[in-house]
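A quick write-up on the structure given underneath.
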Protein chains: 2
Amino acid sequence: MGTKREDIIDAANRAFYRDGFAEVGIDRVVGEANVALGTLYRHFKTRSEVITAALQRRHGDFLHALEGAGEAGKGADCVLELFDVLEAWSTQQGGNGCFFLRAAADYPADDSIQNAARSHKREYLAVIEQRLLQGGWSKGQAEQLGSTIFVLLEGAVAAAFTLGDGAAVTTARNAAARILGSAKPESG
Amino acid sequence: MGTKREDIIDAANRAFYRDGFAEVGIDRVVGEANVALGTLYRHFKTRSEVITAALQRRHGDFLHALEGAGEAGKGADCVLELFDVLEAWSTQQGGNGCFFLRAAADYPADDSIQNAARSHKREYLAVIEQRLLQGGWSKGQAEQLGSTIFVLLEGAVAAAFTLGDGAAVTTARNAAARILGSAKPESG
DNA sequence: AGAAAAGTAGAACGATCGTTCTATCCGAGT
DNA sequence: ACTCGGATAGAACGATCGTTCTACTTTTCT
């Protein structure tokens, strides 16, 4: 059905993520989506709605990628697999940093964009904590370790963007492994 | 002398960092700088030059803040003080994430902006490695640990922005302390 | 088949934006 | 006193952008 709508959202995701919100306009999005201008404005009331839809779609895709791997792991492995998913995801997307942070920073006055970014990060953190619980850590440990893993994952995408390669994800993964190893679920 | 120029750069830093590149124009900068439009264009040839100057100024201020603290520490302390400086800096600036990453993401086709962001991060990483050397770690350890500390620092500002409070910096600092503790310079 | 909905190409509009220009004014230096 | 470089306010311009509109064609549904 709404395949045109999906095309627009896909194109918006690619264009905005690759070239930045400041440099791509609606015309670039319709051009990359192979869609008429009127079609976009039939599906979305405003540019802000396009961006919000792109964020929501990316959130769904990312969560799907997260849940598609590492659910069977035990101990630290099911947490560390988050880094593997992130590395594949980041390089596949182009390694231009976190799309949600970029959108939130560019449109601090846009409530729907702020909401999309905030709720994404909340759910992301929740997934991390759930993996820690699944790995055998207690609820209190999961909250504490979850924040640390979250910082490492966020730092990984930021550093990968800055340094231009995905080695930072491996660095973050190693750090996470060391920290998880020194706070084993058996010993807590 | 060039106090008007400084006013413009200051205002650009505040406005762009607070409200994002997509939402603030040259008129907002001149308005916040209490300066005439012609004055801005006497000092800068283009908007891109204003942004680049803002980045360079912020780089200088940040490095100055870094070098102003923790130079006397020994061992892990002189590295961990980077987190303390970052926390003060981040909350003082408003906690809207890394200005350089945001600029680099928004203007991927602007060479001077890309250069300013890239060289900032390079120097930042160099400061971290220098602190590790100062703390007694070997050159090889400094490079390896430096990447990890860098990831933690980058993750700290990103997470602080997302979660809205500075607790992420403390989380990152604790993680850094644990990692530095398990790779003591005496034992390497 | 026929009607309703969705899509297309492109013109058009109003607003905004980056940039330039004009005219005037102020302050410092020989 | 006269000039000259920097500052000011604001008009002006061309480009772009987001959004709407028109006219036409295609798809979809019953």
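Both backbone and side-chain heavy atoms feed into the values below; hydrogens, waters and symmetry mates do not. Chain identifiers are assigned alphabetically (A, B, ...) following the order of the sequence lines, protein sequences preceding nucleic acid strands; residue numbering begins at 1 within each chain.
Residue Arg28(A) contributes atom CZ, which lies 17 Å from atom P of dT19(D) at whole-angstrom precision. Remark: C1' of dC21(D) and CD1 of Ile26(A) are 17 Å apart, rounded to the nearest angstrom. For the pair Leu37(A) CG and dC21(D) C1', the interatomic distance rounds to 11 Å; values are reported in whole Å. When the P atom of dC26(C) is taken as reference, atom CZ of Arg42(B) falls 16 Å away, rounded to whole Å. Computed from coordinates, the Leu40(A) CG to dT19(D) P distance equals 9 Å when rounded to whole Å. The nearest whole Å value for the distance from the CG atom in Asp27(B) to the C1' atom in dC17(C) is 8 Å. For the pair Asn34(A) CG and dT26(D) C1', the computed distance is 17 Å after rounding to whole Å. Counting to the nearest Å, the C1' atom of dT19(D) and the CD1 atom of Ile8(A) are 14 Å from each other.
Position along DNA chain D of the nearest nucleotide to Gly38(A) versus Val24(A) favours Val24(A) as the more 5'-ward residue.
Trp137(B) approaches Gly75(B) most closely through the heavy-atom pair CZ3-O, 3.7 Å.
Side-chain N/O atoms of Thr39(A) include none lying less than 4.0 angstrom from OP1 or OP2 on dA6(C). Put simply, Lys45(B) has no side-chain N or O that comes within less than 4.0 Å of OP1 or OP2 on dG18(C). Look at Lys4(B) and you'll find a side-chain N or O under 4.0 angstrom from OP1 or OP2 of dT8(D). Regarding contacts with the backbone of dA6(C), every side-chain N or O of His43(A) stays at 4.0 angstrom or more from both OP1 and OP2. Close to dT19(D), at under 4.0 Å from its OP1 or OP2, lies a side-chain N or O of Thr46(A).
Set against dG18(C), dT8(C), dT19(D), the side chain of Tyr41(A) has dT19(D) as its closest nucleotide. Out of dC17(D), dT19(D), dG18(C), the shortest distance to the side chain of Arg47(A) is found at dT19(D).
Geometric assessment of Arg58(A) against the ring of Phe16(A) yields a negative cation-pi assignment under the 6.0 Å and 45° thresholds.
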May I have the step-by-step check of salt bridge (Lys or Arg N to Asp or Glu O under 4.0 Å) for Glu23(A) and Arg28(A), ending in yes or no?
-> CA-CA 9 Å; Glu23(A) 278 196 348; Arg28(A) 292 266 302 270; 5.9 Å; no

Could you please spell out the steps behind the salt bridge (Lys or Arg N to Asp or Glu O under 4.0 Å) verdict for Asp84(A) and Arg173(A)?
-> CA-CA 8 Å; Asp84(A) 301 330; Arg173(A) 198 195 124 110; 2.8 Å; yes

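For the residue pair Thr171(B) and Ser147(A), no side-chain donor N or O sits within less than 3.5 Å of a side-chain acceptor on the partner.
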